[in-house]
2 protein chains.
Amino acid sequence: MKKVSIKDIAEKANVSIGTVDRVIHNRGRVSERTREKVLAICREMDYEPNVLAQRLASDKAFVFATFTPKPKRDNSYWKTPLDGIRKAADELSGYRVRVKSYFYDQENEESFRQESLNILLEKPDGVLIAPLFHREARDLARKLESYDIPFVFIDSKVEDTRYLSYFGQDSFRSGYLAGRLIWFHLKKKGEVIIVNFSSDLENHVHLKNREKGLKQFMENHHFRGTLTSLTIDPKEELVLTHTLYERLHHKTQGLFVTSSAHKVARSLQKIGKDNVLFVGYDLTPDNVTYLNKGIIDVLLCQKPMAQGHEGIMALFNHLVRKRKVEKNHSMPIEIVVKENYQDYSDF
Amino acid sequence: MKKVSIKDIAEKANVSIGTVDRVIHNRGRVSERTREKVLAICREMDYEPNVLAQRLASDKAFVFATFTPKPKRDNSYWKTPLDGIRKAADELSGYRVRVKSYFYDQENEESFRQESLNILLEKPDGVLIAPLFHREARDLARKLESYDIPFVFIDSKVEDTRYLSYFGQDSFRSGYLAGRLIWFHLKKKGEVIIVNFSSDLENHVHLKNREKGLKQFMENHHFRGTLTSLTIDPKEELVLTHTLYERLHHKTQGLFVTSSAHKVARSLQKIGKDNVLFVGYDLTPDNVTYLNKGIIDVLLCQKPMAQGHEGIMALFNHLVRKRKVEKNHSMPIEIVVKENYQDYSDF
DNA sequence: AAATTTTGCGTGTACGTACACGCAAATAAA
DNA sequence: TTTATTTGCGTGTACGTACACGCAAAATTT
């Protein structure tokens, strides 16, 4: 049951381990005849390199860069992927893998460009990117492609780039799922209100798709009530309260908020909530506060921590273990209610 | 940023690496003076052994045994933890860790005893146990304790044993959570039916606790309708259909089935389901069938795959990496509906 | 005091791989 | 043909650790 080593291969092929090594690494200086023979024996004996010995022998240390929004106090969503990244970094520290984190301001595209340069300067072996600014991210991707540095996306992906792997959400599907949850609560008719908290909905593809998902569900299930969609500027919270006050009435049974649920929850608290199923997104502390208060009923999220963790692991598997990695991973959509949010708060 | 090795320690302490090695492994043959000095320097330089080199140098291969019910066609729940176990085994294969799986028949306590002997014969370095039979599992645990072989429990734990770690469910909490979901659908009054599918409820602690959890929720939320609890022998499916037919009426809005949801679903399909929120447990293929048909609305599960995976990892972290492992882990309760079950089917 | 044991330490080899070096034979250039 | 270059291969050392062995000095026994 022992694993075969290059030594075993060498013996069987009647060559030295050096030769085997050269064959495996394609470093030339081997006759075609020997090459074939060694490769055949490798396959036959089902040789798999010992990653431990590889990493030990190689003096090369791998450096992975991560590029995500800087987590702020008022928006700590981005802390979670970072936790996953750190966990992976810890697991891999024994393999001489170092993870270096770079940040940008998610409201400042210039900061993305600036910091991109620093990443390129570092010449890392692989990069993990949360590409909130798709245009700028595409530029970075192009550079990385030209340097032959593999990169993975988390959260969302920039099409038309040669990314190694993607771990993120499926916005449409999560909206569709939200439909199911609201459906649990809906009487035959009733009303559902969608709130998009955004100044520029067209640019926030995620939000748009979440809404589309919900609408699709309602259509597929022949919803006979009314479906109202509001789009509100994030800066105008007063407007929000006012609008909600106007629109909300006793027939309203579902509230679907595609982002910043806590802000809507705050307004809703003032108005008073009754018999409305409130579905929002992401386990931020702010949101959790209102989940606990019973204003928000459900939060959906797609394993932000795992996105960070798996993203780093994908780089590791590709670069160090030389394994194939799947390209697209839509993360499981998690349904979080007051009674199980603790499960996700630290894991 | 390079890591310190015993060589660095040796140099700084003016001794040979052999001496450092002896100090670290407490193999004696070192003067107290030198010992202290070396230890001080280890702490000072923050020495951490290189696990790769350790595993490479040591000829010892670790063997972990797993002991779970044999997955059958009609109950493949136990395939999932096995998948997690296999995944962990793959990840650790580079570390010379071998995982050997033993099985018992979950309806035959004798098979548990029998196979226990085989495990003890193997003298593994660590054991992972899914202790469906608590009494027999306790016997095994006692033996392992006397041999100083660490063991972890998954799914449920046997109190009063010195287990290394536990990864499992919190039945009460999941029942409580089920209450929340049913609550989404409930009109002020209405009726909720609990079905326990068991011949011996007292012995199935999980099921009992799930029911308790639901009842607690309803009590805490001042439920004013009726709460009916049925306990049905698994063998008597005809009785089941009949009983359901009798009990179910238009006021029934919630159905909570603590195990084998698919059997209840089958009966319910005959009767016809209308306006009832059906909550069951576990993502078995049978259950998923009825989830897709819309008979079952929600399935709860607690990451059975992760339980296997993390269980093995706990053994690894304890025995190989010599890290501290947390003792009790209640796994996140996952809420699975038709729209996200695929996320969990292969992951 | 001599012989024996114990203590305290260094040395050497192994694990499986990477990679630099070196050397003979084959080939090419003079 | 002689010399230079390339090809094809083996050898040796390093990575960081574990562990067996060996040897001098100290401690103990005779």
Side-chain angles (χ1 to χ4, degrees), chain A residues 1-39 41-42 45-62 93-98 125 319-322, chain B residues 1-39 41-42 45-62 93-98 125 319-322:
Chain A
M1 206 56 204
K2 245 192 78 185
K3 277 212 171 181
V4 292
S5 68
I6 53 169
K7 206 165 143 188
D8 303 319
I9 306 284
E11 271 175 30
K12 197 146 190 170
N14 266 325
V15 293
S16 74
I17 58 165
T19 305
V20 176
D21 182 67
R22 254 161 285 159
V23 170
I24 289 171
H25 292 84
N26 279 316
R27 281 209 242 93
R29 309 206 146 261
V30 182
S31 72
E32 192 54 30
R33 244 177 67 86
T34 329
R35 211 182 100 83
E36 299 276 300
K37 189 164 71 177
V38 169
L39 282 178
I41 293 179
C42 278
M45 301 184 75
D46 200 29
Y47 169 74
E48 282 207 20
N50 183 324
V51 190
L52 276 82
Q54 278 184 325
R55 297 304 307 133
L56 187 61
S58 157
D59 53 347
K60 177 170 171 43
F62 280 89
S93 63
Y95 286 96
R96 289 216 208 157
V97 171
R98 253 189 53 227
D125 300 278
L319 285 165
V320 185
R321 302 183 74 188
K322 314 254 183 233
Chain B
M1 204 58 204
K2 245 192 78 185
K3 276 211 170 181
V4 292
S5 68
I6 53 169
K7 205 165 143 189
D8 303 319
I9 306 284
E11 270 175 31
K12 196 146 189 168
N14 266 325
V15 293
S16 73
I17 57 167
T19 306
V20 176
D21 182 67
R22 254 160 283 158
V23 170
I24 289 171
H25 291 84
N26 280 315
R27 280 209 243 94
R29 310 206 147 261
V30 181
S31 73
E32 193 54 32
R33 242 175 69 85
T34 328
R35 212 183 98 84
E36 299 276 302
K37 189 163 72 175
V38 169
L39 283 178
I41 293 179
C42 278
M45 301 184 74
D46 200 29
Y47 169 74
E48 282 206 21
N50 183 325
V51 190
L52 276 81
Q54 278 183 325
R55 297 305 305 133
L56 188 60
S58 157
D59 53 346
K60 177 171 172 43
F62 281 89
S93 62
Y95 286 97
R96 288 216 208 159
V97 171
R98 254 189 52 228
D125 300 278
L319 286 165
V320 184
R321 302 183 75 188
K322 313 254 182 235

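Within every chain, numbering begins at 1; the chains are lettered A, B, ... in the order of the sequence lines, protein sequences first and strands thereafter. Note that this is a predicted model, so its numbers are computed, not measured.
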Chi angles and distances behind the side chain to side chain contact (heavy atoms under 4.5 Å, CB included) call for A:Asp8, A:Met45: CA-CA 9 Å; A:Asp8 303 319; A:Met45 301 184 75; 4.2 Å; yes

Side chain to side chain contact (heavy atoms under 4.5 Å, CB included) between B:Ile6 and B:Tyr47, intermediate numbers included: CA-CA 8 Å; B:Ile6 53 169; B:Tyr47 169 74; 3.5 Å; yes

Test log, rule side chain to side chain contact (heavy atoms under 4.5 Å, CB included), inputs B:Val97 and B:Leu319: CA-CA 11 Å; B:Val97 171; B:Leu319 286 165; over 6 Å; no

Can you check nucleotides 25-29 of chain C for protein contacts, nitrogen or oxygen pairs under 3.5 Å, and list what you find?
none

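Between the side chain of A:Lys37 and the main chain of A:Ala13, a donor-acceptor pair closer than 3.5 Å is present. Side-chain atoms of A:Arg55 never come within 3.5 Å of backbone atoms of A:Val51 as a donor-acceptor pair (strictly under, hydrogens ignored).
Shown here is A:Lys60, whose NZ atom has more than 12 heavy atoms of other residues, nucleotides or ligands within 6.0 Å.
Checking C:dG16, D:dG16, D:dA18 against every side-chain atom of B:Ala53, the shortest atom distance belongs to D:dG16. Picking from D:dC15, C:dC19, C:dC15 the nucleotide with the shortest atom distance to the side chain of A:Arg27 gives C:dC19. Of the candidates D:dT17, C:dA18, C:dC15, the closest approach to any side-chain atom of B:Pro49 belongs to D:dT17.
Atom NZ in B:Lys3 sits about 17 Å away from atom P in D:dC15, given to the nearest Å. If you measure from atom CZ of A:Arg321 to atom P of C:dT17, you get 14 Å, rounded to the nearest angstrom. A straight line from CG of A:Leu56 to P of D:dT13 spans 18 Å, rounded to a whole angstrom. The separation between A:Glu11 atom CD and C:dG16 atom P is 12 Å, rounded to whole Å. Atom CD in B:Glu48 sits about 15 Å away from atom P in D:dG16, given to the nearest Å. Residue A:Lys60 contributes atom NZ, which lies 18 Å from atom P of D:dC15 at whole-angstrom precision. Rounded to whole Å, the distance from CG on B:Asp21 to P on C:dT13 is 17 Å. Whole-Å rounding puts the B:Ile6 CD1 to D:dA18 P distance at 7 Å.
A:His25 has a side-chain polar atom (N or O) that falls below the 4.0 Å cut-off from OP1 or OP2 of C:dA18. The shortest distance between the side-chain N/O atoms of B:Tyr47 and the OP1/OP2 oxygens of D:dT17 is below 4.0 Å. Dashed line: the shortest gap from a side-chain N or O of B:Gln54 to OP1 or OP2 of D:dG16 is not under 4.0 Å. OP1 or OP2 of D:dC15 sits under 4.0 Å from a side-chain N or O of B:Lys7.
Between the side chains of B:Arg35 and B:Asn26, at least one donor N or O sits under 3.5 Å from an acceptor N or O.
Contacts of B:Asn50 with the nucleic acid, taken as non-hydrogen atoms under 4.0 Å apart, involve only primed sugar atoms and P, OP1 or OP2. Within the nucleic acid shown, A:Arg96 comes within 4.0 Å of sugar-phosphate atoms alone, with no base atom in reach, counting heavy atoms only.
Closest approach of B:Pro49 to B:Gln54, counting heavy atoms only: CB-NE2, 3.4 Å.
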Contact letters for nucleotides 7-12 of chain C, in which S counts primed atoms plus P, OP1 and OP2 and B counts the base, heavy atoms under 4.0 Å: BBBBB-

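Each of B:Val15, B:Val23, B:Val20, B:Ile17 was scored for a side-chain contact (heavy atoms from CB on, under 4.5 Å) with B:Ile9, with one residue passing: B:Val20.
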